[in-house]
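Below is one structure; the comments refer to it alone.
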Amino acid sequence: MQKNKKTHRSTPYALTETGHGHVWGACAEVEETAGETLRRGGGEVVRLYVAACAEGMAPLFVGLRAGEPGREADLDLYAESVRDLWYVDRPLADAAERVSLLEQFPELRPDEEGITEVGDTYAVFAVLCLRYALTAHGSGSVDDALSCGHAALTAMGMLDRNVAGADFLADEQRLQSLSLSGDARGLWVASVAAGRERFRAVLDRLPR
């Protein structure tokens, strides 16, 4: 995938907190633009937006958690949910049930020490992204869609700061803009390719 130039990465970040207690960055300009477009576009645009966000983040959970004992059902739920998000012509009827199951994942129920490992950090962002994607897909909530997008943007901003010469944030902003156009052509392929690049970058940062 062709990278965007560094000059596209000037959007300021502010710190906020989610209902799950995780601190993450919020792009004020991106939020305002995306929010306006999502409200104008309605349910199908919301569903396409969150499907693309979740697809790009999926390898950061599926790839990092593959092979972990006892996580088979979690991996199945995650992969099936990301797949089903792409049915953008209708809301997911069982979105709330899937969210309830997702909220039992260890990533959203950290112990007293919190999240400290590199892989765990990105897996948390991936689960948060899907959690908000499912809620937005089922309800059409613009606020939840924006929270989904924020999780992806924050994770990519963090990855940029830790990988020399990386431009993952600009790529995510480009994909989100593409999804907001309502044109699904090529979006799934681009999101899958972006997810693979992100996974390789995180994998390179893990202790050997």
Side-chain angles (χ1 to χ4, degrees), residues 4-5 7-58 60 81-82 84-93 95-96 98-99 102-103 108 122 124-161 167-188 190-191 194-195 198:
N4 285 358
K5 293 182 179 179
T7 52
H8 294 172
R9 297 176 53 201
S10 59
T11 305
Y13 266 71
L15 289 180
T16 59
E17 291 194 21
T18 72
H20 294 282
H22 302 289
V23 177
W24 52 328
C27 289
E29 293 178 11
V30 173
E31 176 186 6
E32 183 177 357
T33 301
E36 291 175 358
T37 305
L38 290 168
R39 289 184 178 90
R40 287 198 310 268
E44 191 161 329
V45 173
V46 167
R47 293 190 287 274
L48 183 62
Y49 175 77
V50 298
C53 289
E55 187 69 58
M57 293 292 288
L60 300 184
S81 295
V82 172
D84 293 344
L85 289 174
W86 288 98
Y87 293 102
V88 299
D89 59 324
R90 58 190 183 277
L92 281 173
R98 297 189 198 211
V99 169
L102 201 68
E103 288 180 337
L108 298 186
Y122 289 102
V124 167
F125 279 119
V127 175
L128 275 175
C129 186
L130 180 58
R131 183 249 185 257
Y132 288 116
L134 287 169
T135 304
H137 199 288
S139 69
S141 167
V142 170
D143 286 343
D144 284 324
L146 291 173
S147 292
C148 172
H150 280 169
L153 288 167
T154 304
M156 295 306 98
M158 181 184 299
L159 194 54
D160 275 359
R161 291 192 295 273
D167 222 3
F168 293 105
L169 178 58
D171 278 345
E172 177 60 26
Q173 290 174 329
R174 181 183 63 80
L175 286 171
Q176 290 193 17
S177 295
L178 181 61
S179 68
L180 288 169
S181 73
D183 187 355
R185 291 176 298 179
L187 182 58
W188 178 81
S191 299
R198 298 166 185 184

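Just so you know, these numbers come straight off a predicted model, no measurement behind them.
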Q. Heavy-atom distance under 4.5 Å between the side chains of Leu38 and Tyr49, does that happen here?
A. yes

Q. After noting the C-alpha distance and the side-chain angles of Phe125 and Met158, does the key distance pass the side chain to side chain contact (heavy atoms under 4.5 Å, CB included) rule?
A. CA-CA 11 Å; Phe125 279 119; Met158 181 184 299; 3.4 Å; yes

Q.
Show every salt bridge (charged side-chain N to carboxylate O under 4.0 Å, His left out) that has at least one partner inside residues 145-157, sequence neighbours left out.
A. none

Q) Can you name the closest pair of heavy atoms from Met57 and Cys129 and give their distance? A) CG-SG, 3.9 Å

Q. If you measure from CG on Leu60 to CG on Leu159, what distance do you get to the nearest 0.5 Å?
A. 8.0 Å

Q. Between CG of Leu180 and CD of Glu36, what distance do you get to the nearest 0.5 Å?
A. 11.0 Å

**Q.** Candidate list Leu134, Asp144, Leu92, test side-chain contact (heavy atoms from CB on, under 4.5 Å), partner Val99, passing option
**A.** Leu134

Q. Taking all non-hydrogen atoms of both residues, which atom of Ala95 and which atom of Gly138 are closest, and how far apart?
A. CB-CA, 3.8 Å

Q | Cys148 SG to Leu130 CG distance, which is reported to the nearest 0.5 Å | A | 8.0 Å

Q: Sort out for me which residue in His137, Arg47, Glu55 forms a side-chain contact (heavy atoms from CB on, under 4.5 Å) with Leu85.
A: His137

Q. Out of curiosity, Gln176 CD to Ser179 OG, how far, rounded to the nearest 0.5 Å?
A. 6.0 Å

(Q) For Gly56, is there any backbone N or O sitting under 3.5 Å from a side-chain donor or acceptor partner on Arg198? (A) yes

Q | Rounded distance [0.5 Å steps], CG in Leu102 versus CZ in Arg131 | A | 8.5 Å

Q: Taking all heavy atoms of Val46 and all of Gly140, pick out the closest pair and write down the distance.
A: CG2-O, 4.1 Å

**Q.** Shortest non-hydrogen contact between Ala155 and Tyr122, atoms and distance
**A.** O-CE2, 3.5 Å

Q. What is the minimum heavy-atom distance between Gln173 and Leu153, and which atoms define it?
A. CG-CD2, 3.6 Å

**Q.** Listed partners of Ser81 passing side chain to side chain donor-acceptor pair (under 3.5 Å), at least two apart
**A.** Arg98

Q) In terms of side-chain geometry, is the basic nitrogen of Asp84 or Arg90 positioned less than 4.0 Å from the acidic oxygen of its partner? A) no

